[in-house]
Number of protein chains: 2
Amino acid sequence: MFSIGELAKRTKVKVPTIRYYEEMGLLAEAERTSGNQRRYDKVGLERLSFIRHARDLGFSIEAISSLIELQDHPDRSCEAATDIATSQLEEVRAKIKRLRTLEKELSRISKGCDGGGLTEDCYVLASLADHNLCDREH
Amino acid sequence: MFSIGELAKRTKVKVPTIRYYEEMGLLAEAERTSGNQRRYDKVGLERLSFIRHARDLGFSIEAISSLIELQDHPDRSCEAATDIATSQLEEVRAKIKRLRTLEKELSRISKGCDGGGLTEDCYVLASLADHNLCDREH
DNA sequence: TGTAATGTCTCTAGTGACTAGAGGTTCAAG
DNA sequence: CTTGAACCTCTAGTCACTAGAGACATTACA
């Protein structure tokens, strides 16, 4: 059994975040010492590692809730789990696509001005002011 | 002179968002009718278009504030403006990079399970539980 | 056993960029 | 002059935390 600080160190999740996850129902309420401090064991460590990993991959708290719910019922079909992962993947792909467009536009805008002139003639500012100066939709 | 609703329609920025921008100091306080309603002119329209465009490109409110500050001083060097745009570009590139890593990992995880089995044996859940099943750092 | 340092507790409030809703007022059309 | 849409301010909620206050618990060492 170890303290919340120890759990934090091992999972690299900050202490207040652990308490937050508990409040959100992602982590079961921890056992307490006589002095009301939380104590964790291997199970708690594994669950938090799961959460941490899923958050790193961009899953929302809500999605993680669902995944944990599924984990707790090993007899169910895992279709829902793959669905969640797939839709997360789609979201990531959509974000990448959008960011690529932004990258092109920003790169074009940045290149248009070397910063050596006055704001009066700055291509960056002009581009932002006038959408017509853009290459494509965004 | 036109109303906030009209401005919203022309710029495709929602009415409460316009009021929020005013509160944040991005937009100057609008003139008011005798009945206390906001009225805008061409200048207001142009400034809001600028903001909208910059937000679309992912600039933060703070960055936009700085850009507007620069816009208001046409006699200054535009170095700061290009700096802001460049750092925005760098941020976008960093995000893309990270998302690409996530994409690969998620795609690998998703492919590992067709959703036809039980959660007990689900590769998606196993991958999330155990970081060691991952291909690379993320 | 005493004490000091560090860790932990709960609670509230703040972040960014809005969005939603309540309850009231003003405007424009007919 | 009435009706109904648009407008006003204010508060609170979103997401996933983060920061800080003030009090209590635990641990290490003398």
Side-chain angles (χ1 to χ4, degrees), chain A residues 1-27 29-41 44 47-48 50-68 84 87-88 91-92 95 98 102, chain B residues 1-27 29-41 44 47-48 50-68 84 87-88 91-92 95 98 102:
Chain A
M1 301 290 279
F2 40 86
S3 72
I4 196 168
E6 181 63 26
L7 181 65
K9 218 180 284 174
R10 293 203 206 176
T11 55
K12 280 159 202 157
V13 175
K14 286 178 190 157
V15 169
T17 306
I18 297 174
R19 291 198 273 251
Y20 169 77
Y21 287 161
E22 184 182 304
E23 200 173 82
M24 292 299 101
L26 287 191
L27 286 171
E29 287 189 25
E31 281 180 55
R32 302 285 182 131
T33 63
S34 57
N36 199 35
Q37 298 196 355
R38 291 169 180 83
R39 284 300 112 106
Y40 298 89
D41 58 8
R47 173 145 293 185
L48 184 53
F50 178 96
I51 295 168
R52 165 87 217 256
H53 194 185
R55 284 293 303 136
D56 278 352
L57 287 166
F59 288 86
S60 70
I61 296 286
E62 209 195 329
I64 296 171
S65 262
S66 309
L67 290 170
I68 284 174
I84 291 169
S87 90
Q88 176 62 19
E91 264 175 53
V92 167
K95 273 187 199 159
R98 169 156 169 75
L102 294 192
Chain B
M1 300 291 279
F2 41 85
S3 71
I4 196 169
E6 182 62 26
L7 180 64
K9 219 181 283 176
R10 293 204 207 175
T11 55
K12 279 160 202 157
V13 174
K14 287 180 190 152
V15 169
T17 306
I18 298 173
R19 290 197 275 250
Y20 169 77
Y21 287 160
E22 184 182 304
E23 200 174 81
M24 293 299 101
L26 288 192
L27 287 171
E29 288 190 25
E31 282 180 54
R32 302 283 183 134
T33 62
S34 57
N36 199 35
Q37 298 196 357
R38 290 171 180 81
R39 284 301 111 107
Y40 298 89
D41 59 8
R47 173 143 293 185
L48 184 53
F50 178 95
I51 295 168
R52 164 87 217 255
H53 194 185
R55 285 293 302 134
D56 278 352
L57 287 166
F59 288 87
S60 70
I61 297 285
E62 209 195 330
I64 296 172
S65 262
S66 309
L67 290 170
I68 284 174
I84 291 169
S87 90
Q88 175 63 18
E91 265 175 51
V92 167
K95 273 187 200 160
R98 170 154 171 75
L102 294 192

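Hydrogens, waters and symmetry mates are skipped; everything else that's a heavy atom, side chains included, is used. In what follows, every chain begins at residue 1, and chains take the letters A, B, ... in the order their sequences are listed.
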| said: Looking at Tyr21(B), I'd like to know whether one of its side-chain N or O atoms comes within less than 4.0 Å of OP1 or OP2 on dC18(C). | reply: yes

| task | Hey, could you give me the CG/CG distance between Leu57(A) and Leu102(B), rounded to the nearest 0.5 Å? | result | 6.0 Å

| Of the nucleotides dT19(C), dC17(D), dC9(C), which one has an atom closest to the side chain of Thr17(B)? | dT19(C)

| Rounded interatomic separation in angstrom, taking CD from Glu91(A) and C1' from dC15(D) | 13 Å

| Whole angstrom value for the distance that separates P of dA16(D) from CZ of Arg52(A) | 15 Å

| query | Given dT8(C), dC27(C), dA16(D), which nucleotide is nearest the side-chain atoms of Ile61(A)? | reply | dA16(D)

| task | Side-chain contact test, heavy atoms from C-beta onward, threshold under 4.5 Å: evaluate it for Lys95(B) versus Lys95(A) and give yes or no. | result | no

| query | Whole Å only: how far is the CE atom of Met24(B) from the P atom of dT19(C)? | reply | 14 Å

| Proximity to the side chain of Arg32(B) - top-ranked nucleotide from dC8(D), dA17(C), dA16(D) | dC8(D)

| task | Send over the distance from Phe2(A) CZ to dT27(D) P, rounded to a whole Å. | result | 14 Å

| Rounded to the nearest Å, what distance is computed from the CD atom of residue Glu29(A) to the P atom of nucleotide dC9(C)? | 13 Å

| message | Strictly below 4.0 Å, N to O, side chains only: are Arg19(B) and Glu23(B) in salt-bridge contact? | response | no

| request: Compare side-chain N and O positions of Lys14(A) against OP1 and OP2 of dT18(D) and report whether any pair is under 4.0 Å apart. | output: yes

| message | Side-chain N or O of Thr33(B) versus OP1/OP2 of dC27(C): is the shortest distance under 4.0 Å? | response | yes

| request: Just compare dC17(D), dC8(D), dT10(C) and give me whichever is closest to any side-chain atom of Arg55(A). | output: dC17(D)

| Does a salt bridge link Glu29(A) with Arg38(A), judged by any charged N lying under 4.0 Å from a carboxylate O? | no

| request: For the side chain of Arg38(B), starting at C-beta, report the closest nucleotide among dA17(C), dG7(C), dT9(D). | output: dT9(D)

| message | At less than 4.0 Å, is any side-chain N or O atom of Ser60(A) found next to OP1 or OP2 of dC15(D)? Yes or no. | response | no

| request: Could you check how far CZ of Phe59(A) sits from C1' of dA16(D), rounded to whole Å? | output: 16 Å

| Base, sugar-phosphate, or nothing for Arg19(B), non-hydrogen atoms under 4.0 angstrom? | base

| task | When you get a sec, tell me which of dC9(C), dT19(C), dT18(D) is the closest nucleotide to the side chain of Ile4(A)? | result | dC9(C)

| note | To the nearest angstrom, the CG-C1' distance between Asn36(B) and dA6(D) comes to 14 Å

| field | Tyr40(B) six-ring centre to Arg47(B) NZ/CZ under 6.0 Å and within 45° of normal | value | no

| message | Quick check: on DNA chain D, is the nucleotide nearest Glu23(B) upstream (toward 5') of the one nearest Gly5(B), or the reverse? Name the residue that is more 5'. | response | Gly5(B)

| said: Rounded at 0.5 Å granularity, tell me how far OG1 in Thr11(B) sits from CG in Leu7(B). | reply: 4.5 Å

| said: How many whole angstroms separate atom CD of Glu62(A) from atom P of dG13(D)? | reply: 18 Å

| Given dC27(C), dA16(D), dC18(C), which nucleotide is nearest the side-chain atoms of Tyr20(B)? | dC18(C)

